[in-house]
Amino acid sequence: MKALPRILALTQFTAADLQTLLSLGEPAELRQLYEAAYAVKVRHAGRVVHLRGLCEISNICRRDCLYCGIRRSNAAPARYVMTDSEVLAAARWAWQAGLGSVALQSGERADPGFIDTIERILVGIRDLSHGQLGVTLSLGEQDEQTYLRWREAGAHRYLLRLETSDPDLYAAVHPDGWALAGRLACLASLRRCGYQVGTGVLIGLPGQSAADLARDVLFMRDLDVDMVGMGPFIPCAGTPLADSLGDFTIRRAQQLELGLKMIACVRLAMPDINIVAATALQALAADGWQRGLRAGANILMPNLTDPRYGREYRLYDGKPCSGPTCQQSCDSVMAAVEAAGERVGLRERGDSPRWRRRRG
Ligand code: 5AD
């Protein structure tokens, strides 16, 4: 096994190197890891954080993922769909506040009505922002035709998490025959359609080891994605994995630390991509976002969903809702950026340096 300073100075990592980093537990060693990753982030992306105003359009979902609170067979959430004008009002707010980009997320649907609605909303956002507001979609698996329609209507980034690169673990937590191969085919489609492509994994799923996560990092590097959004698994009442980690009050700190270590590893392995500090970090600690930024993340997503809906978009227990107003949601994100010693890149899209380089 290599000594820590030697690993932190590498530019190419083996699974064993990453597994060593993901297994660190000593505070002094963790500090070295986070500082090394943060230095790489500053070198490639500067001391600036870009924002994606998050709009959770609907919690209706055709899938039944074992970990997820809005899975089809969970009767707890009251199902909702935001109207076009509600989504456009959130986008207009983001545009006027200078957020630079919005992210539209939803439970997965692929019916023609849904596809048309998204297309209409995208055209609306393009019109209201004169084509300047960045738009990330996070709307699950679709066929290439649909990805293309949405791309042509104005979306330019797409986040589709792998959840795990292990085909067996993927199959174990995704029933109904959904397979990793389908996910990978979608990521390839998204690339062909000209999106900036993002992926990510769930961190700390039951049965997932440091070796598995190390392989996830290399898998994402080999996919050569432009962005990564990933977060710690947090159990959700009413789902099959609700009690899978035992007493979660004891596991919280560990899940947070694992999430931060993954951010640092991804930053070291993929220096010039965009990395989101996920809301799940903030659900685990009041300074979760700030710590995510100091471990190498450079993107935050203030939640612009009206809390009346956001309450029902409960992917996991304790998921923070947006503030009573969009401004209050943004204020808490801004406070995290300031506490991390960074600044917000207002009125900038904040495309990943990797993407800009790819385009030449
Ligand atoms: N804990 C953490 N993240 C979750 N997600 C879904 N359920 C959970 C959970 N219990 C994540 C998935 C999905 C994203 C929208 O939310 O990774 O891709």
Go through the steps to decide whether Arg251 and Gln254 satisfy the test side-chain hydrogen bond (donor to acceptor under 3.5 Å, both in side chains), and finish with yes or no.
CA-CA 5 Å; Arg251 292 293 296 268; Gln254 241 175 313; 3.3 Å; yes

Nearest atoms (heavy-atom pairs only) where [X] meets [Y]:
{"X": "Ile234", "Y": "Ala280", "answer": "CD1-O, 3.6 Å"}
{"X": "Arg47", "Y": "Gly341", "answer": "CD-O, 4.4 Å"}
{"X": "Arg343", "Y": "Val337", "answer": "C-CG1, 3.7 Å"}

Test item: [X] and [Y] side chains (from C-beta on) under 4.5 Å apart, heavy atoms:
{"X": "Cys61", "Y": "Arg72", "result": "no"}
{"X": "Val266", "Y": "Met230", "result": "yes"}
{"X": "Ser209", "Y": "Asp212", "result": "yes"}
{"X": "Val173", "Y": "Glu163", "result": "no"}
{"X": "Arg183", "Y": "Trp178", "result": "no"}
{"X": "Leu104", "Y": "Leu122", "result": "yes"}
{"X": "Gln12", "Y": "Arg221", "result": "yes"}
{"X": "Arg291", "Y": "Leu281", "result": "no"}

Could you go through Phe114 and Ser106, starting from their C-alpha distance and side-chain angles, then the distance that decides it, and tell me whether this counts as side chain to side chain contact (heavy atoms under 4.5 Å, CB included)?
CA-CA 10 Å; Phe114 179 76; Ser106 169; 3.8 Å; yes

Looking at Asp166 and Leu169, would you say the former's side chain and the latter's main chain have a donor-acceptor pair under 3.5 Å?
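Checking the backbone N and O of Leu169 against the side chain of Asp166, a donor-acceptor pair under 3.5 Å is found.
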
Donor-acceptor contact below 3.5 Å, side chain Tyr195 vs main chain Arg151
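Yes: the side chain of Tyr195 pairs with the backbone of Arg151.
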
May I ask you to check whether Asn303 and Ser329 show a side-chain donor-acceptor distance below 3.5 Å?
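No pair is found: no donor N or O on one side chain lies under 3.5 Å from an acceptor on the other.
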
If the plane angle is over 60° it's perpendicular, under 30° parallel, otherwise tilted; pick one for Trp150 and Tyr158.
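Trp150 and Tyr158: parallel rings.
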
Mind checking whether Tyr80 and Tyr309 have parallel, tilted or perpendicular rings, split at 30° and 60°?
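The arrangement is parallel - the two ring planes meet at less than 30°.
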
Between Val48 and Asn298, is a side chain to side chain contact (heavy atoms under 4.5 Å, CB included) present by the stated rule, with each step listed?
CA-CA 7 Å; Val48 57; Asn298 67 320; over 6 Å; no

Is there any side-chain hydrogen bond (donor to acceptor under 3.5 Å, both in side chains) pair reaching into residues 222-237, and which pairs are they, with sequence neighbours excluded?
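Only Arg191-Asp226, Asp224-Arg354, Asp224-Arg358, Asp226-Arg358 qualify under side-chain hydrogen bond (donor to acceptor under 3.5 Å, both in side chains).
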
Basic-acidic side-chain contact under 4.0 Å: [X], [Y]:
{"X": "Arg149", "Y": "Asp116", "result": "yes"}
{"X": "Arg359", "Y": "Asp351", "result": "no"}
{"X": "Lys2", "Y": "Asp17", "result": "yes"}

I'd like to know whether the aromatic ring centres of Tyr67 and Phe233 sit less than 6.0 Å apart in this structure.
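Ring centres of Phe233 and Tyr67 not closer than 6.0 Å.
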
What do you reckon, is CD of Glu338 surrounded by more than 12 foreign heavy atoms closer than 6.0 Å?
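Result for CD/Glu338: open.
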
Going by atom type alone, with no hydrogens or angles, which donor-acceptor pairs under 3.5 Å involve a side-chain atom of residues 21-34 and a protein atom two or more places apart or on another chain?
| from | atom 1 | to | atom 2 | distance (Å) |
| --- | --- | --- | --- | --- |
| Ser23 | OG | Gln19 | O | 2.7 |

Evaluate the side chain to side chain contact (heavy atoms under 4.5 Å, CB included) criterion for residues Val40 and Leu268: first the C-alpha distance (whole Å), next the side-chain angles of each, then the deciding distance (0.1 Å), finally the verdict.
CA-CA 7 Å; Val40 170; Leu268 291 171; 3.9 Å; yes

